[in-house]
Amino acid sequence: MDYKDTLNLPQTNFPMKGNLPQREPEMLKQWEESNLYGKIEEAGKGRPRYILHDGPPYANGHIHIGHALNKILKDIVLKNKRMSGFAAPYVPGWDCHGLPIELQVEKNLGSKKHEISKLEMRKLCREYAHKFVAIQRAEFERLGILGEWDDPYLTLANSYEGAIARELARFAENGGLYKGKKPVHWCSSCGTALAEAEVEYADHKSPSIFVKFAMKDDLGALIPALAGKKASVVIWTTTPWTLPANLAVALHPELEYVGLEVNGEVLIVADGLKESFLSQIGAEGKLVATFSSKLLERKLARHPFLDQDSVILLGEHVTLEAGTGAVHTAPGHGQEDYELGLKEGLEIYNPVDNRGRFFENIPFFAGQFVFDANKNVIEKLIEVGALLKTAEISHSYPHCWRCKKPIIFRATEQWFISMEKNGLRERALAEINNVAWIPKWGRERIYGMIENRPDWCVSRQRSWGVPITAFYCKSCGEVLADGKIMHHVADLFTEHSSDIWYDWEAAKFLPEGTICKACGKGEFDKEMDILDVWFDSGVSHAAVLELRDNLESPADMYLEGSDQHRGWFHSSLLASVGTRGRAPYKSVLTHGFVMDGAGRKMSKSVGNVVAPEDVIKKFGADVLRLWVAAQDYRDDLRISQEILTRLSESYRRIRNTFRYILGNIHDFDPATDLVPVKEMPEIDRWAMHQLELLKEKVLTAYNESEFHILYHAVNGFCTVEMSAFYLDILKDRVYTSKGSSLARRSAQTVMYTILDNLVRMVAPVLSFTADEVWAELPGKREASVHTALFPALTPECKDAPLEGRWEKMIKVRGEVSKALELARVKKVIGHSLDAAVAIKASGETADLLKEFVGELASIFIVSKAELVEELSGEDVYRSEGGEALEVVVTAAPGEKCERCWCYDETIGQNTEHPTLCPKCLAAVE
RNA sequence: GGGCCUGUAGCUCAGUUGGCUAGAGCACACGACUGAUAAUCGUGAGGUCGGUGGUUCGAGCCCACCCAGGCCCA
């Protein structure tokens with residue numbers, strides 16, 4: 001007789017191999033056909049809301065691994081919240097305006113770009129953005145991210161564009177919006193401002209000059225050594241043409257400066273640069289004084305050739321890399337000069353027109369092109385005796401990417417949102433303290449930025465964006481930025497899209513009878529600048545959260561990469577505080593960046609880029625999701641073939657545990673076969689206790705968004721507690737007991753509960769696999785695990801004393817398995833069931849073992865285990881450390897039962913089944 | 001150069017207020033099983049806790065400096 005048929009061996013159709021690259025797309029199809037997301041929304045009705053607001057990726061190109069990380073994290077958070085009893089909608093979004101799209105469209109147009117109108121250009125940009133939204137949407141959905149993919153928010157949608165214009169109107173109304181000046185990269189040849197991306201750096205020859213700025217007053221009172229001497233601060237510059245715009249000279253606040261007597265006058269330079277300075281001007285100098293820059297703060301020097309003063313200021317941007325440590329400062333022609341000028345209240349002075357020529361009222365250089373003016377400035381300096389040295393240098397200099405000509409930095413009229421008006425900075429800082437930053441240091445990071453940032457420049461000289469809805473008087477040029485009118489325009493945008501700005505006459509936007517406040521005339525031009533795209537996405541709380549019925553502001557969470565402290569977190573905070581007086585988020589979670597296996601950043605040129613598409617093709621989305629969960633996202637994350645291979649092996653382990661349990665509960669019906677915990681054998685209660693601990697750990701980890709802890713907990717549970725211990729011990733009971741026996745049903749109840757709970761807990765991460773297992777689980781349940789809840793805590797399953805007893809037993813078991821291993825090496829046994837063990841223990845261990853005496857054999861998975869007072873023979877295994885434990889392993893006595901493979905000394909006594917042990921006889925009957 | 005952050009076995013992570021012979025899983029080596037089988041079980045070998053100096057009876061944990069790496073600025 002073949003007794004194998006009388007055993008209850010595992011049976012399941014659930015495949016061992018995930019085959020995820022093939023299976024996942026099928027599941028996606030099924031989710032779509034069954035309207036899974038709709039069912040999730042249905043299930044969420046009436047529950048408290050949890051709003052995770054999606055930061056919009058830019059609608060350009062395919063998704064990269066960083067996108068995948070971000071969206072998967074969001075999806076894990078959301079699924080976690082849904083399974084915790086919240087209604088957690090997910091409305092994905094895209095950032096659709098802006099330069100990169102415009103540039104790409106221009107590039108695609110080639111030479112035709114000059115022939116088309118702004119309106120046509122914008123139409124092409126719109127199409128381009130839509131194309132990549134569709135591409136990225138498919139790529140995101142493939143990752144298993146559930147949400148309103150059919151109705152995402154797009155910043156190019158009419159309603160969104162209207163909202164952008166409306167938020168700008170609010171800033172206009174409360175006075176936060178103003179027009180000011182700021183230097184920008186300017187191409188004099190094209191007559192246009194350039195964005196950073198449109199600037200190319202190339203070698204260029206420039207004059208290099210050292211210029212004296214004579215101190216206005218005698219310095220004797222401050223620095224006695226200089227009393228009665230003519231003293232000058234010396235600056236170095238490679239743009240002589242900016243000298244007519246000079247308003248100040250900057251020194252470093254922490255540096256020492258020196259007075260050098262050269263040819264009867266004193267030259268002031270930084271101490272650290274005095275030698276190089278003297279050698280460059282080819283002069284001998286005598287050190288006459290050393291002093292702190294602070295002594296000169298706010299003292300006045302004379303402009304070398306204009307009848308005006310130049311004030312000495314202190315600035316951290318001054319360096320000792322080159323020059324003299326005294327920096328010629330023209331706030332209209334340099335970024336750092338501009339910032340210092342703003343701080344010190346200097347005029348942002350620009351004497352240069354659109355074509356790069358000095359205005360007609362500029363002495364000496366009127367009408368001259370700036371690069372031509374260089375030599376004239378130098379001549380002037382020679383004439384007035386202010387030039388110490390001139391030379392020519394070749395250095396990296398910005399050029400226009402279009403016409404390839406060198407560009408200049410030039411202050412132009414721009415729109416700003418004031419950080420001080422309405423106390424925006426103060427209130428934003430206060431709001432930062434009301435937000436939960438995860439991890440905590442996010443607060444320091446954004447706080448420092450808001451504390452120090454200049455006013456927000458929101459205008460861009462471009463086509464693809466939402467226009468700044470202001471007007472200019474045709475006759476006097478006065479600005480008209482009226483809140484009411486701007487609100488009206490916003491409504492028109494919502495109705496028709498912002499394209500109408502480029503289509504309609506100004507008058508069509510203005511109420512009948514609008515007149516200029518300055519001159520009383522009634523004809524206007526439209527402002528042609530557009531808004532910074534950070535303003536677009538920054539107002540999403542108004543355009544999305546406030547406008548959609550199922551969302552609300554402030555959001556519970558914003559979740560983005562740590563670069564967004566300067567980006568979206570930042571602009572959203574200012575946009576919301578400036579108009580609503582509060583932050584748009586209650587918590588902000590940030591993650592690090594994805595690095596290669598060595599912790600280096602990915603780059604195409606290095607060739608260490610890992611594309612999500614490749615990971616999915618090779619391993620499947622669940623492995624990628626597991627990768628996200630396994631790493632501590634607060635730091636940078638690493639990805640490599642090795643890491644993915646490890647992870648996919650870990651995935652297999654978890655999957656196999658699921659499969660094994662499924663196989664063992666194939667004949668189990670929870671409706672009728674459930675065994676109450678109280679009636680279970682102790683080891684089953686131990687397993688229930690362990691499950692309870694795991695639940696606590698995992699649910700806490702979800703609550704605290706520490707997903708890597710949950711991964712390690714689940715992984716450890718599957719391998720240590722289950723596979724290597726509980727499930728291994730259970731085999732005998734589950735395989736050989738009668739199918740419907742209490743012993744077997746009890747074990748099945750435990751396994752069923754564990755699998756049910758485990759699958760729920762793992763569903764936010766292993767979304768595909770969990771649903772696949774869910775479909776195989778017995779019992780009545782929701783159609784998808786994604787509409788189910790996390791397992792409820794059942795503290796009554798916890799049993800601390802029992803855990804303590806078993807902890808010790810597990811230690812003893814470890815010692816026994818070492819003894820078994822030695823016997824195995826000596827060929828005494830093969831399988832552990834071939835063995836009989838005799839144990840000598842003392843103290844508490846002995847007492848404990850006595851209590852377990854009947855179960856020792858099954859716990860050790862041996863045929864016979866006995867406790868003895870004395871052990872003899874050579875092969876006694878002695879434990880190291882702790883309480884003394886001695887073990888002797890021998891071949892088990894008796895015959896091997898053909899059915900359960902345990903050795904028994906009574907086999908053969910039954911004539912009908914001469915090869916079975918008594919236990920199996922009972923089971924077979 | 002500045003702000004914020006990170007650095008524990010080959011990989012991913014633990015390490016509570018400073019007190020352990022620094023842990024776990026995976027990978028690796030060896031072995032067992034062939035009733036979880038492209039599985040499963042056991043045993044074993046892996047670490048001057050980025051470096052140096054300091055505080056302390058005692059430091060992976062505290063301090064200083066340095067090195068390497070990341071994000072954002074300049």
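In what follows, every chain begins at residue 1, and chains take the letters A, B, ... in the order their sequences are listed.
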Students often mix this up, so state it plainly: with edges at 30° and 60°, are the rings of A:Phe725 and A:Trp806 parallel, tilted or perpendicular? perpendicular
Nucleotide B:U43, atom P - distance to CD of A:Glu821 in whole Å: 7 Å
Phosphate-side-chain proximity, A:Arg824 and B:G31, N/O vs OP1/OP2 below 4.0 Å: no
Scan A:Leu7 against the nucleic acid and name what it touches under 4.0 Å (heavy atoms): base, sugar-phosphate only, or nothing. base
Side-chain N or O of A:Lys827 versus OP1/OP2 of B:G31: is the shortest distance under 4.0 Å? no
Would you check if there is a donor-acceptor pair between the side chains of A:Asp532 and A:Trp456 at a distance under 3.5 Å? yes
Interatomic distance, A:Ile643 CD1 vs B:C26 P [rounded to whole Å]: 18 Å
Nearest whole Å is fine: how far is B:C73 P from A:Tyr338 OH? 17 Å
Value in whole Å for how far the C1' atom of B:U43 lies from CG of A:Asp728: 15 Å
Quick one: salt bridge (charged side-chain N to carboxylate O under 4.0 Å, His left out) pairs with a partner in residues 438-453 of chain A, sequence neighbours left out? none
What is the ring orientation for A:Trp686 with A:Tyr726, classed by angle as parallel under 30°, tilted 30 to 60°, or perpendicular over 60°? tilted
Of A:His712 and A:Glu649, the one whose closest nucleotide on RNA chain B sits nearer the 5' end is A:His712
So A:Gly448, base contact, sugar-phosphate only, or nothing? Heavy-atom distance under 4.0 Å. nothing
Ion pair check, A:Arg659 and A:Glu776, cut-off under 4.0 Å: no
Does B:C41 have OP1 or OP2 sitting under 4.0 Å from an N or O in the side chain of A:Ser723? yes
May I ask you to verify if any side-chain N or O of A:Lys601 is less than 4.0 angstrom from the OP1 or OP2 atom of B:C71? yes
Nearest-Å distance, CG (A:Leu820) to P (B:U43)? 9 Å
Using a heavy-atom cut-off of under 4.0 Å over every strand shown, decide if A:Trp901 touches base, sugar-phosphate, or nothing. base
Name the nucleic acid region contacted by A:Ser650, choosing base, sugar-phosphate or nothing; use a 4.0 angstrom heavy-atom cut-off, strictly under. nothing
Side-chain N or O of A:Arg638 closer than 4.0 Å to phosphate OP1/OP2 of B:C13: no
Nearest-angstrom distance from the residue atom OH of A:Tyr877 to C1' of B:U43: 10 Å
Check: B:A27 base within 3.5 Å donor-acceptor of A:Thr645 side chain: no
Using the P atom as the point on both nucleotides, what is the distance between B:A59 and B:G51, in whole Å? 15 Å
Does either side chain, that of A:Asn664 or that of A:Tyr735, offer a donor lying less than 3.5 Å from an acceptor on the other one? no
Considering only heavy atoms, which members of residues 695-709 of chain A lie under 4.0 Å from some atom of RNA chain B? A:His708
Separation of the C1' atoms in B:C20 and B:U8, to the nearest angstrom: 15 Å
Side-chain donor-acceptor contact under 3.5 Å, A:His333 with A:Thr239: no
Between B:A36, B:G70, B:U40, which one does the side chain of A:Arg653 approach most closely? B:U40
5'-most by nearest nucleotide on RNA chain B - A:Arg899 or A:Cys718: A:Arg899
Grab the CD-P distance between A:Glu451 and B:C4 for me, whole Å please. 11 Å
Is there a donor-acceptor contact under 3.5 Å linking the side chains of A:Asp667 and A:Gln11? no
Within the pair A:Ser640 and B:C11, is there a side-chain N or O less than 4.0 Å away from OP1 or OP2? no
Does a side-chain N or O from A:Tyr735 land closer than 4.0 Å to OP1 or OP2 of B:A36, or not? yes
Can you check the A:Leu9 CG to B:U34 P distance for me, whole Å? 14 Å
